[in-house]
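Structure, as structure tokens:
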Amino acid sequence: MKFRTALAALATACALAAPAAAQDLLRIRMNADIRSTDPGVNRDANTDGIAWHIVEGLVALRDDATVAQMLAERVDVSPDGLTYTFPLRAGVRFHNGQALTSADVAFAMQRYMRRETNWRCRADLDSAATRLTAVETPDDRTVVMRLEKPSALFLTILARPDCGQAGIWHRDSLNADGSWRAPIGTGPFRLGEWRRGQFVELTRFADYAALPGEPTGLAGNKTPLVERVRFTIIPDEAASRAALIAGNIDILPDARSRDLPDLRARPGFSVHSAPSMDLQTVLMQTRDPLLQDVRMRRAIALALDVPELVRAVSEGGSRPSRSPIPPGSAFNTPAMLEVPPRDLAQARRLAQEAGYRGQKLRIITTRRYEAFYEIAVVVQDMLKEAGIESELEVLEWATQLDRYSRGDYQMMAFGFSARLDPSLSFEMFTGPKATQPRKAWDNPAVQAMLDQTMAEGDPARRRSLFEAMQARLMEEVPIIALYSSTTHGVTPRHVQGYRSWAVDAPRAWGVRIVR
Amino acid sequence: MSVLEVAALRIAAGMREVVRDLSFTVAEGETLALVGESGSGKSATARAVIGLLPPGLRQSGGRIAFAGQGLSALSPARLRALRGPGMGMVFQEPMTSLNPAQRIGAQMEEGLALHRTLDARSRRQACIAMLERVGITDPERRLQAFPHEFSGGMRQRIMLASVMLLRPRLLIADEPTTALDTLTQAEVLSLMKELAREQGSAILLITHDLGLVARHADRALVMQAGQAVEEGAAAPLLAAPRQPYTQALVAALPRRGPSRALPQAAPLIEARDLSVAYPGRGGWFRRAAPMQAVQGVSLSIHPGEVVALVGGSGSGKTTLGRAMLRLLPASGGSLLFRGQDVTASTGPALLDFRLACQIVFQDPYSSLDPRMRVRDIVAEPLRLPAGMPIPERQRRAEAMLAEVGLGGLGDRYPHALSGGQRQRVAIARALVRNPAFVVADEAVSALDATVRKQVIALLRDQQRKRGFACLFVTHDLGVVEEIADRVVVMQSGRIVEEGPRDQVLDAPAHDYTRALLDASLRLPATA
Amino acid sequence: MMRLRLNLVIGGTLMGAVLALAVLALAWTPYDPTRTNLRRRLRPPSADYWLGTDEFGRDVASRLMAGAVTSLGVAAATVLVALAIGIAIGLASGFLRGWVDRVLGAVNDTLLAFPGILLALGLLAVIGPSRSGIVLALGLAYAPTVARVVRGSVLSIREREFVEASRALGNSEAYTLLRHVLPHTAAPVTVLATSLFGWVILSESALSFLGLGVPPPAATWGNMLASARPFMQEAPLLSIAPGALIAICLLGANLLGDALRDLLDPRDGA
Amino acid sequence: MALYVLKRLLAAIPTLLLVAASVFFLMRLIPGDPALLVLGDAATPEAIADLRASMGLDRTLPVQFALWLSQLLGGDLGFSITSGEAVGPLILDRFGVTAAIVLAAVAIAVLLAVPAGMLAAWKQGSWGDIAAVSLATLLLSIPSFWLGLILLLVFGLKLGWVPVVGYVTFAENPWAALHYILLPIATLALVEIGVLIRMARASTIEVLRLDYIAHARAKGVPESRVLLRHAFPNAFAPTLTLVGLVLGNLLGGIAVIETVFTLPGLGRLLVDAIFARDYPVIQGVMLFIALVYVSVNLAVDLLYPVFDPRVAAE
């Protein structure tokens, strides 16, 4: 303890002696505090965003959501698709100086797979589509994982940020009783100070073993270029922008679209936009007496001027897309980008046929996510022009989420968080309502196609399956996909190397401060 | 030479003059009484003399000179220097005239510190000596006490001590004892006179009480509606008033009425060993011992009889009066009405009892519902027993009002009536149902002398006419003389003496009765 | 006297103006207050849009007028609910005393120790977000205050002799309570109701500001203020206008309350 | 004295229990599931069930309540189900911010408003009096959060004198900390000044009418001393009660101000916890606020006899 205090004093002294080093602090806005430092366990988007600076998994996602190697040298898949062999990269060390071994991987994976750990993705690796049966360590440098049957999703699950990338940490990250203490990972930064409600600070890991080449997604070259990164918690949007302009933060990773014209006009600031992989939608309850008629649902879809709506809500920052597979994905095809034009006359006719007689539809939304609210307001307005009356039910987020998960709604403005695999993009709203009331699209035929995409390894065949599902989606309209939002990062001139990407949370590696 | 000279004083409240052209002088060592009923302007005059007219009143003319010096010419600082050692003032209400937030020692010393060059020790000594002089026991410890730890009489003594400590040349006493009971009143006034004599202070005594003037004043100035009516040496002025108003005032003093011989009959109402206890103030964790206000009292009242219940404050007389109407629950003993035990009766039996009994309260301001018209107030008792149609009730109420001398005022609200008129309304309400038994609880104590005289007359006439029995609760022996057939004296919750009026008043058997009689301020010359 | 009249005139004028605005809004507003126009977002004031447009291109002037209807309506209804509950509780606990008073007192204390926000959220979530929800929630939140005032005045009135006189006449307790006690709570309750009106408008807007009030798109001053917050810099008028109206309304209520207090309680008028 | 305090605190236990029970059951009546909120839109039923079990939410309500109460008796408020932090220290940490602002605001308001109200009463009817009353009424009528927004707009955005966001504790940097809490304090103080001026004025007018003021003047006591020694203590006693009420109300209403100024205080903690259905935090904060409310009232009652000895604390 005394030793640590002395070290801290020394560090402070050094910092004072060398103001140049003190400048080497990168301050990034974060909209809320993180939940924990336990990757993929007690998490949200912010928590994931901190975790990926500290720990790494065997594999990682590239910018286009495809999977690349990370701690694994490469991935060898057996021809039957049941055995995955991961030879580990040499020279990788944990923050405590220990070298990475296959035993570390097995140890971490075993904790993840224990029910009481509450790992977010345990169920994904223990499902009908993907079931991990064994993790073996034939030698120090090799990890072997076995599946019950082939799965197209397995590697993606391991790489997903919300799964904590199945990050590998040293066993000293746990307390003696097995509870989580603090992450000792292999990532480019180590955990510095976490002051709750105020900031999370990371420090550069000097012995980081970077991959060669360019950074992409959470993969590639992740060399840390600044000494310290501080994620400052500023919940308020307007305040964050003010803080950026005042020079209180260096990276605003998620500027509101409506602030962009102003920020672009300011000299010395650059905007970095990247399509995100989330999905903004309008859900319709296909069991509702009125909405169970597909003509009514089509009438609603036709009543919407989707491009106008998207332009208004995203301030022109996003492109309209009626497909759940985001435009940034490698599986998005030109056919999916087609947006059928608005047709008010047809909408009225279909509604009439479906027996619509001026009943008020109830659209649930919340003010927690401004986009949901704005979508609902605009949809209400556009439906009115087609003679379809509706009223908004503005709920508190927890209540809306509850209604969503119980399927207790007529219509709902809703957004799905980023799904990094196209199968998951469909899976998020497809499924049997009897067992999972939250699912919007209950169609056994589509379910069968979906299961097929999950087992199919060939990208081309998967792509054509997705196109077929997209066609069915446009016919049956259980949801109206509107757009994937766009992430706009903003940096002042002295910050170099920052890029936004498909996931909202920022990446601090590869970024330098030049004054 | 005169200490105070007031010449052609005028005091105005807005456009209205409350004092007009008033002149008088107070000589060194003399006691001048300003006598008048409420609204006569006597208190305003006292306040003007010391220069402390309340907001809303202003001196609109005339001259006030203290020891030959005109007060209006003085700077505020000079005026302040005069207050205290020159003029001191004792206020009417002992409950509000001492600062509740300051220890009495500090309040007494304050004047000394301002006006005398004494060190803290001698100031303290002076205070202790003065407290001792006014009869406060253990003065050293009591200096540390707060005003609320004293009774009203004690506070008035402390007030007096604090004022006399500065040896003022003129002491202005504004109704100094009105709020005190008879016994205390006498003690405090004698003390004041003694102190003034010792220190050679003159006194300007403001009072409505002629008995007090007779006993304590050298000269008296009678005021009516802001003007002087008559002035002169106190004793001859009261003995042979020249002006009609003064004559009326003197005539209003109580006089003993003829004694009546009442036919023997069974008691109408009878208290047997009646006790009343107030629950003690307990907390969550303990229950305090109850306070016994009335302890085992037996009292019977016969039909048509007027019984005066007399005692000082805290003697339990009011409590007994209310308990006999079952407005307070008895904690012991029993209550019989026409031979029936009504101690715990409920429902129709209680209603029958209530229908036969009534009460007139002391304070005419709070005993009438201010939101009801006078006629409705008087008609309300006729609701019960049910059955009388409303027009009939209204008619009877009008008739009753006419009978108490308020004919044609039925549409008014209580606040549009004078105190005496209100008490008439209260009497009308009590009598409209022809009760057999009426408790009059200090029913005339709050009224001016002349009005009191009239109200007593009304009450007596009605009693003679309707023949109800009456329990007259009072601390004022003068009233007893006028109306009572029998007198009952209470002290500390018990009856100490009881007998026919003339016997009790002329030959009191108990010390307490004697003390009460001594203290009661009657005109010696006219008694 | 002079102050009293001034309070009455200014307070009456302000409240009257807001009320007139609300009445007018029932019949006519320049535009449909909920009609969005995405091509006219955040316009500055102009001849067409007197106070500009909000983030959905809705006419701010129209929304302010519609907001007056909602805010005043909610406030009036809430005051009535609070009075109904509070007077009942206050009369019961003041007149009956004993254990009734103790139990009601404990409940009252609990409610007073409870931040209104939580009570409101809880009730709103159970009933569903709606005008009636907020009326009930705020009504319950303010009822203890009313109860406390009513109880206090009942306690002082029941000591007055005319209440005892009524009992001495043989009148039943219920008759005494209704005929002689209840009317006397009118003065303090009227004064309180006026202040309450202001407080409720304030609370409703505070709740809306936190996202717990009358649900949008219905316009209330509070939720207009809340939605305007992100555009404080670009369109300050959007924040200033509804806030100023709340302040005007409150000022009116406060001044009227003062005037009423002076009128009904002559002790202070002297 | 100590016994009295103890008794008063014991007497508050039924109230606190009632608060605890009503908060506990009321929150659970509300739709919304903390597990669902943690897991978000991608939650599978199994994952939700697992998480609920680990949060202890799978037991029946009475059992949960009993467990919580027994924890409470041991002085343990439990752990936040969203962040895992111990609720007790979390509340104390956040309360520091809130208490600093509320206390400073009330102190400033009292120091400015009480003398102003007393002088206005002393010169009742003068222009100064009218000005003070008008100002007070005006301040009373301005919604605090709106005032906060306007101040932020003017001093934060237009003039740039103070930072618009963030918070630094005094321990870290007193000077910077002052900058952050200046506007919130000013906002709260301005609103409370309105209330307090009126109260101080009204009670001073009441007191100045009483005989002991006339008595003091009749002794030749100078006006300054009449006001300070005789009027002030008596007029301040009712104001003190109001200060207690104001403190209590501020704690309930502080959430709005903390939202405007994005301060990590108790009010924000409560609102955020409500939105996140973080039951242990909600329960803890509510209980804490009730306790503070009781303590403030107790403190006022203990202080009251200093100004009004008639009301002795037994």
Side-chain angles (χ1 to χ4, degrees), chain C residues 2-3 6-7 10-11 14 106-107 109-119 121-126 128 141 195 198 201-203 205-207 209-212 221-222 225-226 228-229 232-233 236 239-240 242-244 246-255 257-258 261 267-268 270, chain D residues 12 14-19 22-23 26-27 29-32 125 129-130 133-134 136-138 140-147 149-150 152-153 156-158 194 198 202 205-206 209 245 248-249 251-256 259-260 267 270-271 274-275 282 285-286 289-294 297:
Chain C
M2 160 75 180
R3 252 224 3 254
L6 209 64
N7 282 348
I10 300 180
L14 293 180
V107 172
D109 281 351
T110 309
L111 287 176
L112 284 171
F114 226 99
I117 294 169
L118 191 86
L119 199 62
L121 173 78
L123 287 161
L124 288 179
V126 175
S195 313
I201 285 182
L202 195 62
S203 301
S205 45
L207 277 176
F209 185 77
L210 287 178
L212 305 172
W221 298 332
L225 202 49
R229 178 164 150 62
M232 213 161 63
Q233 206 160 15
S239 309
I240 293 172
I246 298 173
I248 286 173
C249 203
L250 246 76
L251 187 61
N254 282 332
L255 289 176
D258 287 356
R261 200 188 324 270
R267 209 167 48 105
D268 259 7
Chain D
T15 303
L16 292 180
L17 269 181
L18 214 54
V19 169
S22 38
V23 172
L26 188 60
M27 279 319 291
L29 273 180
I30 302 173
D129 177 33
I130 292 173
V133 172
S134 310
T137 311
L138 199 66
L140 197 66
S141 307
I142 298 178
S144 60
F145 52 98
W146 184 60
L147 183 65
L149 282 178
I150 301 286
L152 206 57
L153 187 64
L157 292 176
K158 293 273 186 267
R198 288 163 58 99
I205 286 177
E206 198 88 335
R209 273 187 211 150
L245 273 179
N249 287 346
L251 279 179
I254 188 82
V256 187
T259 303
V260 170
L270 177 64
V271 172
I274 289 173
F275 286 141
I282 299 169
V285 172
M286 290 298 306
I289 288 179
L291 188 67
V292 169
Y293 186 84
V294 167
N297 277 334

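Labels below follow one simple rule: chain letters A, B, ... track the order of the sequence lines, proteins then strands, and each chain is numbered from 1.
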L251(C) vs T137(D), side-chain contact (heavy atoms from CB on, under 4.5 Å): CA-CA, chis, key distance, verdict: CA-CA 7 Å; L251(C) 187 61; T137(D) 311; 3.8 Å; yes

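Taking all atoms of both residues into account, the shortest heavy-atom contact from A247(C) to I142(D) is CB-CA, 4.4 Å.
Between L6(C) atom CG and I130(D) atom CD1 the span is 8.0 Å, to the nearest 0.5 Å.
When heavy atoms are compared at a cutoff of 4.5 Å, I10(C) does not approach chain D at all. I150(D) touches chain C through its side chain: at least one heavy atom from C-beta onward sits under 4.5 Å away, while N, CA, C and O do not. Within the 4.5 angstrom heavy-atom criterion, no atom of A253(C) approaches chain D. Within the 4.5 angstrom heavy-atom criterion, atoms from both the backbone and the side chain of S205(C) approach chain D.
A donor-acceptor pair under 3.5 Å links the side-chain atoms of W146(D) to the main chain of S239(C), judged by distance alone.
In terms of heavy-atom pairs under 4.5 Å with chain D, the best-connected choice from A244(C), G198(C), G252(C) is A244(C). Your options are L202(C), I240(C), I248(C), I246(C), and the one with the most heavy-atom pairs under 4.5 Å with chain D is I240(C).
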